Structure formats: C-alpha cells, structure tokens
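All values derive from a computational prediction rather than experimental measurement.
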Amino acid sequence: MTVFILLACLGGVLVGLSRQLNGRLSISTTPLVASFWNHAIGFAVLTCLGLFAGGLLPAGAAEAPWYAYLGGSIGVVFVAAGSWVIARIGAVNSALLIIGGQMVTGVAFDYISAVPASFWANAAGIVLIVGGMMISRRRKASGSQ
C-alpha cells in the first residue's frame, strides 16, 4: 500500500509542476499556446508509453459512445483556463479553487445521482472548503496592506 501512496504523492507533485510550467509558459506566450504544448508533449509521451507497454488502443474503443470522448475537449479547456488563471491569481489560489470546485461538484453529482450519503456530512464538507478558501483569501488581503 505504501507504493500506491507514494505514487499518488508523486502524481500530485507532477500535476503541480505541470500547472506551474503551464502558468509560466502562458505568461510568456498565451494560455492557448501553453495548452497546445501541454497536450502535444502529453500526447507524445503517452503514445510512446502505450506503444512500449502495449494497449495503445484498448479493445472496444470503437464501440464506446460518442460522449466518452468529450473528456479530451474538456481537458483542453481546463488546461487553457488553468494556465490563464495561474498567471492571474497564483498557483496556490488556483489549486484551492480547483480542489474546492472538484469537491463541490462531486457532492452535487452524488446528490443528482441519488447516491446515498449523509446530507449533513456533505454540507459540512462544503462549508469547510469554502470557509478555508475565504480564510486564505482574507489572510492574503490583510498581509498585503
């Protein structure tokens, strides 16, 4: 289990590094150029890994519904928006915004899908996330004066 925890931590570090590089590149160029290079390099690396490890095109990929492939388009918009946001509000605040958005969206999806969950636990989680973000913003605003 330790190996999987370390892999998860490494993945988090690499995502943070990627966001930092994309943010810096978008300052030098534009968010769309940063998104293009992010996806071009990712495509090349993952294609090489798929060819090396096998399973580049999994069985049944052609039978998948059309909406299964919308993730790529959503990813392009997400990376471009992230590159734009990082240049304006910083990496830490954009990470807080992304994590908070994912948590609130997950709770909303669970609610819409009628997944059994404790309403009060979900509500408390959302309040803690939003409260933490507000405290973070308040500390930054008072520290800059």
Verify, without hydrogens or angle tests, whether S26 (side chain) and G23 (backbone) share a donor-acceptor contact under 3.5 angstrom. yes
Rounded to the nearest 0.5 Å, the CD1 atom of I89 sits from the CH2 atom of W84 at a distance of 9.0 Å
Which one of N22, V33, V76 satisfies the side-chain contact (heavy atoms from CB on, under 4.5 Å) criterion with N38? N22
Do L25 and F36 belong to the same hydrophobic cluster, where Ile, Leu, Val, Met, Phe, Trp and Tyr are linked whenever their side-chain heavy atoms lie under 4.5 Å apart, directly or via other members? yes
May I have the list of side-chain donor-acceptor pairs in residues 42-53 shorter than 3.5 Å, sequence neighbours left out?
| from | atom 1 | to | atom 2 | distance (Å) |
| --- | --- | --- | --- | --- |
| T47 | OG1 | F43 | O | 2.7 |

Any chance you could measure L6, atom CG, to F4, atom CZ, to the nearest 0.5 Å? 11.0 Å
Has F109 got more than 12 heavy atoms of other residues, nucleotides or ligands less than 6.0 Å from its CZ? no
Go through M103 and I126 one step at a time and tell me if the side chain to side chain contact (heavy atoms under 4.5 Å, CB included) criterion holds. CA-CA 8 Å; M103 297 298 285; I126 291 172; over 6 Å; no
Transitive ILVMFWY cluster of I5, excluding itself - 4.5 Å side-chain cut-off: M1
